[in-house]
Amino acid sequence: MTYPEYKQPLDYAKLATDVRASWDANGIFKKSVSSREGQPTFVFYEGPPSANGQPGIHHVMARAVKDIFCRYQTQLGKQVPRKGGWDTHGLPIELQVEKELGITKEDIGHKISVEDYNQRCRETVMRFKAQWDELTQQMGYWVDLDDPYITFEPEYIESCWALLKKLYDKGFLYKGYTIQPYSPAAGTGLSSHELNQPGTYKDVKDTTIVAQFKVVRDAASEKLFASEGVGETYILAWTTTPWTLPANTGLAVGKNIPYVLVSTFNPYTAAPVRVVLAKALVSKYFSEKGAAAPFEGYAEGDKKVLPWRVEAEFTGADLVGIHYERLFNTEAGFPHFEGEENAFRVIVGDFVTTEDGTGIVHISPTFGADDFRVAQLNGIPALMVADDQGKLGPIVDRTGRYVAEMGEFGGRWVKNYDGHDQSGADYKTLDESIAIRMRTNGTAFKTEKYEHTYPHCWRTDKPVLYYPLDSWFIKTTAVKDRLIELNKTINWKPESTGTGRFGNWLENLVDWNLSRSRYWGTPLPIWRTQDRTEEICIGSIAELKAEIDKAVAAEVMTHNPYANGEKIDLHRPYVDDIFLVSPSGQPMYREPDLIDVWFDSGAVPYAQWHYPFENQEVFQKNFPADFIAEGVDQTRGWFFTLHALAVMLEDSVAFKNVIANGLVLDKNGNKMSKRLGNAVDPFATIAQYGPDATRWYMISNAPPWDNLKFDQAGITEVQRRFFGTLFNTYSFFALYANLDGFQVSPTPLPVAERTELDRWILSKLQSLLAEVRGHFDSYDPTKAARAIQDFVTDQLSNWYVRLSRRRFWKGELTTDKQAAYETLHECLSTVAQLMAPIAPFFADWLYGNLTKGQTAAESVHLTYLAEANTMLIDKALEERMELAQRISSLTHSLRKKSVLKVRQPLQRILVPVLNDTTKEQVGLVEDLICAEVNVKHIEFLDDTSGVLVKSVKPNFKRLGQVYGPRLKAVGARIQTLTSDELTQLEKQGELAVEVEGETLTLHLDEVEIRTQDLPGWLVATDGPLTVALDVTLTDELRQEGLARELVNRLQNLRKDSGLEVQDRISVTLAASAPTELQAAVQSFGDYIRTEVQALRLDFVPEVADGAVLEFDDFQVPAKVDVVTT
RNA sequence: GGGCUUGUAGCUCAGGUGGUUAGAGCGCUACACUGAUAAUGUAGAGGUCCCUGGUUCGAGUCCAGGCAGGCCCA
């Protein structure tokens, strides 16, 4: 076979499309799965994208991460099925449809039927599917696009229903309430989307109250009574919604906020009191004068300054657990409520600040989302009142009035929702009435009008209430401990997302609110009777059909719409038109909610297989996932719902390894957006740079979990530096391998018999193999990419190939040359394998070029990655080669300083060595160094030479352990060691020195001794290494240098004349050339002829129509002719 | 406001368990090299390691508090 040769520059984009065509033609992706049949599976779940928008460059990033590990595991021999999927439900799609139709949610059911609306959603959601599929293939993301799961399909929804029913049967599904924005005037809940409409937040003036909550004296509160005093002790809390005070059931403090206990008087009753408030807010309520004002003589109605004294200080944590008395109690005619004995306690609220108020927040769980949440976390009940039918509800009804049970305030409007006349002189709002009552009975510390912004209903302009609305929940809190426990077994990349963001989320878990009041989504499969005493949860289509039949028999429905085996649609409005019959014969109506779309995606492991209705075994084999990867923004989304459902349904994790990748930002670190015009088009990027360089750049530049600042200049660099170098290395190989007709031998020369350089690069290759496997195994693709890149550019290309060039282009195909080809071939094909997960097209192209027609796999992606052969790893060899590299570099540096070009041979370099191992190590690579830097030999200088000047440096790490604080003095003493002392230390291993009047014994391991200088020589040093160059030029060296110059000029001439590498030539030079050149030709004629592949090299009196060779000091006419034999 | 995260050269990034002189690549400047050549070598310029305190003989690294960016949540 021949190895294909390519012209520069390589078209990377075309290369990829060619490879893609061959994958398609030969079904390589399918084979990569089918060829692993019967092997252990590596389970991967595709987090479904939504195809209602165009894909962006960040999708290339996210999907490259997924692809890498699936391909890698395939190389390890695992079978990796990859089912694609589409996320099709959810608010963004509804909003998009509404925008396009120019309607709002209000119009659904009026201007457009639910049926038509949902039809629009169904069409919209797959609008960009073709683009997505195209990008998937262009970027080389292998996922099964032929048989994807789609969340709106009846089978998918049926699976969701089955899961819901399972949760229902386990008692995990219940109906409760959440606090949501609610408009009493409109009688409807408002979405956060509606609340974010412009103009909804208005400035209003409300009555505000700082209320006094009377502390109950017991063990928990005893610290507040440490100093005896007159009067009761109260906790102060501020509210801008006094009408919620009768619903108060708790008080929240900040855990680390400092609070003080202050002695003073109630300003309205003049009763002596002690009050608790945040230290930072004392000045807001008490004047500086009052701190010195006398307590005696302060009386009701006094306009005098309020006297006060700080009695004690606490933190919020100290106050937790203190009980206080109910403000509006039963004696005053307010109702009892369930769980009252657990109420009226101080708890911690993470939202408490000292920005305003008193630093203590009044909690009414029925009228605040934060309140509800912390109350639930702390077991504080909500104040619910039973109506005349016994149904529990908040103290405010749905029209915005206090319920009748609210004593003196019963039936009062919370805000003016009915538009009643407020102009009368005696008119009082409910807030004002409450304020008056509290001032009178001494429970208000301060009341005032206060202007603030408050949200209003966009339709009625009336203030919004935060109000408890019905919702269905999944009781995730019931399995909280198990969720936390199992999370600890998940390998998170980065770890902090698992312990931090996700872990904290689990620690503060509340029940999963499943309800959504929308149209396009999976309907909740629960039917209830009107009196709510009977209900049924449907778990399958079959069950639904059977229940409909029952309903038809009971004449609740006229006929079964699913009877004729038509394609069933489980969406609204169809399911809403189904009425079932209860065991007692009552009609049952579907609960109108849809479920959270996150349930859809959390159900992927089950619903993608239509489990449990089909594919039981497939499911078992593919649960849980070994690996998933999505954006870190999915932490509380997909990652959570997958985990929650798996724990509740299977008592298992859903995934064992997860990468939470960061964002792709523009090159300035700004978020990409179409509006700003800084979004990068993935198609254009791939078309310009090809998918491989794009992927390699994204993966190698920063770890996937860091944000990536996407800069196209970075792709260019990757292309040039990595792919360009690798391509050049291959081209070099192909050029000479074809000339020599090299074929990979079935019985290659044993590695042990190959040259030092071969064994070195093979050792490095095996080290690389081990390293890269390690990085891939621990889900760190960035380190893998960087390791491969460094190997290719620094080791393989820039050292192995550079130093081996002559072996490839000189002479016949000897055993040594064959070994060189074998070695380079092995390096290149292994690199192709290692890079294949990241750069799948280029790797396959490279691998194919190297192996086509031989007994190799059809594609690199079907190959098996070998284990690193540790027998071939020779650390000592790797170390001494590094010495060779460093000595060469130092020598180049010296040549540079002495203005001696590398072409000028020099006699020797001197390397001082202080121990025999270094000498031995360098000795083994002497030939390589000499060839690289063009010197005749290396001379070692050891201690006995007597010319070395040594320097000593303290080993601070060691000294620090021994001497601690005295290190500075000891270090200084070491710097001043004389050479005699040094010699003694070296010979005897220790040395007694005096430091600060004390005698210490220094040991050899406490210092670092190195040679510093060779008197009379130009030296260069790199750490402990020192090199000196002998710059003496003899006539012979000069001649040889000149011979090399001539070779160089002739090579250039060959090249310029367009000669092929293998062409033999005859050279004629003008006899007018200077005598030194003639002498050089005389002495080194054989060398020159060999180098330039000349059969003849002659001086002639006249060179006709030749070129002129330019030397530093002279010119020589010359001519090169091809000799045909 | 809370949780998490990032901050090192003009840019992109490395810098186990603390060790005194903080590195690489790109870019820039200069010189060299030239049968791998859009490659390579050598040298140079370029740093308050975000800030402030603390622990320590010693802090880019550990602790506390800030500042700035990002994500999620409220």
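Convention: sequence-line order gives letters A, B, ...; per-chain numbering from 1. Just the heavy atoms: all of them, side chains too, but no hydrogens, waters or symmetry mates, feed the values below.
- Nucleotide B/rG35 has no partner under the Watson-Crick or G-U criteria, as no pair reaches both atom distances under 3.5 Å.
- The side chain to side chain donor-acceptor pair (under 3.5 Å) search around A/K957 returns none, not counting sequence neighbours.
- With P as the reference atom, B/rC11 and B/rU48 are 12 Å apart, rounded to whole Å.
- Annotation: salt bridge (Lys or Arg N to Asp or Glu O under 4.0 Å) contacts involving residues 694-705 of chain A, sequence neighbours excluded, comprise A/D67-A/R695.
- At least one donor-acceptor pair under 3.5 Å links the side chain of A/N378 to the backbone N or O of A/V374.
- The partner of B/rA24 is B/rU12, by the rule that a Watson-Crick or G-U pair needs both atom distances under 3.5 Å.
- Backbone-only engagement by A/K901 is indicated by non-hydrogen atom pairs under 4.0 Å involving sugar-phosphate atoms exclusively.
- Nucleic acid contact class of A/D370 (heavy atoms, under 4.0 Å, all strands): sugar-phosphate only.
- In this structure B/rU42 sits in a base pair with B/rA30, meeting the Watson-Crick or G-U test at under 3.5 Å.
- A donor-acceptor contact shorter than 3.5 Å links the side chain of A/H643 to the backbone of A/L483.
- Judged by distance alone, with hydrogens and angles left aside, the side-chain atoms of A/S797 form no donor-acceptor pair with the main-chain N or O of A/T725 at under 3.5 Å.
- With C1' as the reference atom, B/rG19 and B/rG1 are 42 Å apart, rounded to whole Å.
- Regarding A/F722, its CZ atom lies at a distance of 21 Å from the P atom of B/rA36, rounded to whole Å.
- Residue A/R1064 places its CZ atom among 12 or fewer non-hydrogen atoms of other residues, nucleotides or ligands, all under 6.0 Å distant.
- Taking 3.5 Å as the limit, the base of B/rA36 and the side chain of A/S797 contain a donor-acceptor pair of atoms between them.
- At least one side-chain nitrogen or oxygen of A/S893 sits closer than 4.0 Å to the OP1 or OP2 atom of B/rA43.
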Check the pair A/E771, A/R786 against salt bridge (charged side-chain N to carboxylate O under 4.0 Å, His left out), reporting the backbone distance first and the verdict last.
CA-CA 11 Å; A/E771 185 186 352; A/R786 288 176 180 171; over 6 Å; no
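- Taking side-chain N and O atoms only, A/N798 has no distance below 4.0 Å to OP1 or OP2 of B/rA39.
- With rounding to whole Å, A/Q904 atom CD is found 12 Å from B/rC33 atom P.
- Taking each heavy atom of A/I659 and A/P704 in turn, the nearest pair found is CG2-CB, 4.3 Å.
- Nearest-nucleotide mapping onto RNA chain B: of A/K897 and A/R636, the residue sitting toward the 5' end is A/K897.
- One atom, NZ of A/K957, and another, P of B/rG16, lie 10 Å apart when rounded to the nearest Å.
- Across every strand in view, B/rC4 sits in a pair with B/rG70 that passes the Watson-Crick or G-U test at under 3.5 angstrom.
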Distances under 3.5 Å between nitrogen or oxygen atoms of protein and nucleotides 28-30 of chain B:
none

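- Annotation: B/rU61 and B/rG35 have their C1' atoms spaced 49 Å apart (nearest Å).
- Between A/T497 and A/P494 there is a side-chain heavy-atom pair separated by less than 4.5 Å.
- When the P atom is used for both B/rC50 and B/rG60, the distance is 10 Å, rounded to whole Å.
- Looking at heavy-atom distances under 4.0 Å, A/N508 makes no contact with the nucleic acid at all.
- Side-chain nitrogen and oxygen atoms of A/N701 include at least one within less than 4.0 Å of the OP1 or OP2 phosphate oxygen of B/rC13.
- Spacing of C1' atoms, B/rG23 relative to B/rA14, comes out at 7 Å, to the nearest Å.
- Looking at A/Q719 and A/Y697, their side chains never come closer than 4.5 Å, going by heavy atoms from C-beta outward.
- Sorted by first and then second residue, the pairs that involve residues 716-740 of chain A and meet salt bridge (Lys or Arg N to Asp or Glu O under 4.0 Å), not counting sequence neighbours, are A/R721-A/D794, A/D740-A/K817.
- Under a 3.5 Å cut-off, the side chain of A/K480 and the backbone N or O of A/E507 do form a donor-acceptor pair.
- Nucleotides B/rC72 and B/rG16 are separated by 31 Å at their P atoms, to the nearest Å.
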For nucleotides 24-27 of chain B, which of its nitrogen or oxygen atoms have a protein nitrogen or oxygen under 3.5 Å away, and what is each distance?
unit_1, atom_1, unit_2, atom_2, d
B/rG25, O2', A/E717, OE2, 2.9
B/rC26, O4', A/E717, OE2, 3.3

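- At a threshold of 4.0 angstrom between heavy atoms, the contacts of A/R786 are confined to the sugar-phosphate backbone, with no base atom among them.
- Panel note: side chain A/N738, backbone A/Y3; a donor-acceptor pair is recorded below 3.5 Å.
- Residue-level contact check: A/N1048 touches the backbone only, with heavy atoms under 4.0 Å from sugar-phosphate atoms and none from bases.
- Base pairing annotation: B/rA64 forms a Watson-Crick or G-U wobble pair with B/rU52, both donor-acceptor distances under 3.5 Å.
- Within the shown strands, nothing qualifies as a pairing partner of B/rA59 under the Watson-Crick or G-U definition with both distances less than 3.5 Å.
- In this structure a side-chain-to-backbone donor-acceptor pair under 3.5 Å is present from A/N934 to A/V902.
- A/S889 comes within 4.0 angstrom of sugar-phosphate atoms only, judged by non-hydrogen atoms across all strands, and of no base.
- Across B/rG66 and B/rC57, the matching C1' atoms stand 29 Å from one another, rounded to whole Å.
- Comparing atom distances between the A/N728 side chain and each of B/rA36, B/rG35, B/rU12 picks out B/rA36 as nearest.
- Looking at heavy-atom distances under 4.0 Å, A/Y736 makes contact with sugar-phosphate atoms alone, never a base.
- Atom pair A/N1052:CG and B/rU37:C1' shows a separation of 11 Å (rounding to whole Å applied).
- In this structure, A/R805 fails the cation-pi test against A/F732, since its NZ or CZ atom is not both closer than 6.0 Å to the six-membered ring centre and inside 45 degrees of the ring normal.
- Note on A/V902: nothing from the nucleic acid sits closer than 4.0 angstrom, heavy atoms only.
- Closest approach to the A/T729 side chain among B/rA36, B/rA74, B/rU5 is made by B/rA36 (side chain taken as heavy atoms from C-beta onward).
- Taking for each of A/L735 and A/A702 the nucleotide of RNA chain B with the nearest heavy atom, the 5'-most of the two is the partner of A/A702.
- The separation between A/Q1093 atom CD and B/rG35 atom P is 13 Å, rounded to whole Å.
- As rounded to whole Å, 16 Å separates atom P of B/rU6 from atom CG of A/L708.
- At a threshold of 4.0 angstrom between heavy atoms, the contacts of A/S731 with the nucleic acid are absent.
- Rounded to whole angstrom, the span from the CD1 atom of A/I715 across to the P atom of B/rC13 amounts to 14 Å.
- Taking a 6.0 Å sphere around CD of A/E495, one finds it holds 12 or fewer heavy atoms contributed by other residues, nucleotides or ligands.
- Spacing between B/rG44 and B/rA9 at atom C1', rounded to whole Å, works out to 14 Å.
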What nitrogen or oxygen pairs link the protein and nucleotides 67-71 of chain B at under 3.5 Å?
unit_1, atom_1, unit_2, atom_2, d
B/rG70, O2', A/N707, ND2, 3.1
B/rC71, OP1, A/K671, NZ, 3.4
B/rC71, O2', A/R501, NH1, 3.3
B/rC71, O2, A/R501, NH2, 2.3

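- Look at CG on A/N661: it is 17 Å from P on B/rU5, rounded to the nearest Å.
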